[in-house]
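Lettering follows sequence order; numbering is per chain, from 1. Just so it is clear, the model here is predicted, and its values are computed rather than measured.
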Protein chains: 2
Amino acid sequence: MRRFFVRPEHVRGEELLLVGEEARHAFEVLRLGPGAKALAFDGAGREYVFEVTSASSKALAGRILEVREGKGILPLSLTLVQGVPKGRKMDLIVRMGTEAGIDTFIPVVTRRTVVRFEEKASSKVLRWQRIAREAAKQSQRTTVPSVLSVCTLEEALWQVDSSDLILMPWEGERQRTLGEVLARNRQARQVVILIGPEGGFEPGEVQEAVAHGAVTVSLGPLVYRTETAGVVTAAMVIYELVLRPFP
Amino acid sequence: MRRFFVRPEHVRGEELLLVGEEARHAFEVLRLGPGAKALAFDGAGREYVFEVTSASSKALAGRILEVREGKGILPLSLTLVQGVPKGRKMDLIVRMGTEAGIDTFIPVVTRRTVVRFEEKASSKVLRWQRIAREAAKQSQRTTVPSVLSVCTLEEALWQVDSSDLILMPWEGERQRTLGEVLARNRQARQVVILIGPEGGFEPGEVQEAVAHGAVTVSLGPLVYRTETAGVVTAAMVIYELVLRPFP
């Protein structure tokens, strides 16, 4: 079911009201009319199942059928494609990434990956899955993220091909900030974040990702390490798509 | 000198153009006219010293006098008031917080702080200062953050009293999200973030902070540990105030 954003102050008793961009999208693009059922989230941890009672491109009113207290429920799917860094850093990435809302991790080998994977890869993946399970419990997330098998960047790009938005933070990108891209893609619900290993991605890899639909973005003036970049990007994505009020 | 946001595409050769909210603020509030000097940042790591050539409440044009490649220069001051958690977690907080743009850390003892501070406090502070120095170097930050002495929450509140915005992420806040507050405070340049220790702040402490001007906010549906909450909040603040285009 499609999830819409409702401002907390637009929920009154059994009624809720979608306005602005959300109403327009629901009415004009998805053509929801009286009787249709949908989900709304308020960005502060509550989720509502509602039935549409009236709709126009300015406002859509609904009657609430069910309220879910959704701590840990994120109305987004966030995938982190992560170039595997050295040592135990990937443990920290899975730990913090789970807390920060990632629900699928795809560890990738890139040209600058230093670690060698052979038969050990599957035991590492099992270990990361265990870490994700523990972290999900501690952060009260209702679903446990998946950690997929280690693959190449190209394989990962094929896997995420049909997502709404593929973000590639890249220090070579000097024009387009993450803010501009997210502000234009507020309806995105399946978001992929591509982060390189310690040395970053090579130019050829950036081109390859762009050919698969990735958008290169600047994260601003700060320089983040590979183990921090994914968490920071996830926080920014959640901020724009879940916490920020619609204009 | 006051810093304004300029869109990267509004910088052409020696000329730059401020529009929207930035132009209005510069012209109507700060009354900048031809001849005045100011700074502009583009959110992607460049900073410009410019002289105003023409100004109205719609647009302000300037001639660029100097371009600074500002990787590591953040056009904000970010203070983290952090309830000291157990064990070595504060090391991680200072490490990642420095990377995430914090420039002043104020470690505080709160009612739920478990750690006991006696004569050891100053050696701990020295250790955190060393960590901040190392982290600043690695993240190419041009300034090293300060770690102030351990104090009580009340003392910290007095210290940050005159800031533009004091944010208190709090799980008891179910209405107001960080997104709403930041979207209304885009001109804020001195931002303070208050994070409790493991058990969070006690209700009395929340009241005390609010009395000092703090605004309680929800960070959304996810539950963050104390060692992650500050970094996540800092990323969100930078996103809204530095990366996101002005409307």
Nearest heavy-atom neighbours spanning B/Leu243 and A/Leu178:
CD2-CB, 3.9 Å
Roughly how far, to the nearest 0.5 Å, is CD1 of B/Ile238 from CE of A/Met236?
6.0 Å
Nearest heavy-atom neighbours spanning A/Thr228 and B/Glu99:
OG1-OE2, 2.8 Å
Pair B/Glu240-A/Tyr239, side-chain hydrogen bond (donor to acceptor under 3.5 Å, both in side chains): steps then yes or no
CA-CA 9 Å; B/Glu240 177 72 55; A/Tyr239 176 84; 2.6 Å; yes
Applying a strict 4.5 Å limit to non-hydrogen atoms, the region of B/Arg95 in contact with chain A is side chain
Answer yes or no: are there more than 12 heavy-atom neighbours, outside B/Glu14 itself, under 6.0 Å from its atom CD?
no
Could you check if a side-chain atom of B/Glu227 sits within less than 4.5 angstrom of a side-chain atom of A/Met96, using non-hydrogen atoms only?
no
Would you say that A/Val242 contacts B/Pro221 through its side chain, given a criterion of any heavy-atom pair below 4.5 Å between the two side chains?
yes
Is it true that B/Arg244 and A/Glu180 have a side-chain N and a carboxylate O under 4.0 angstrom from each other?
no
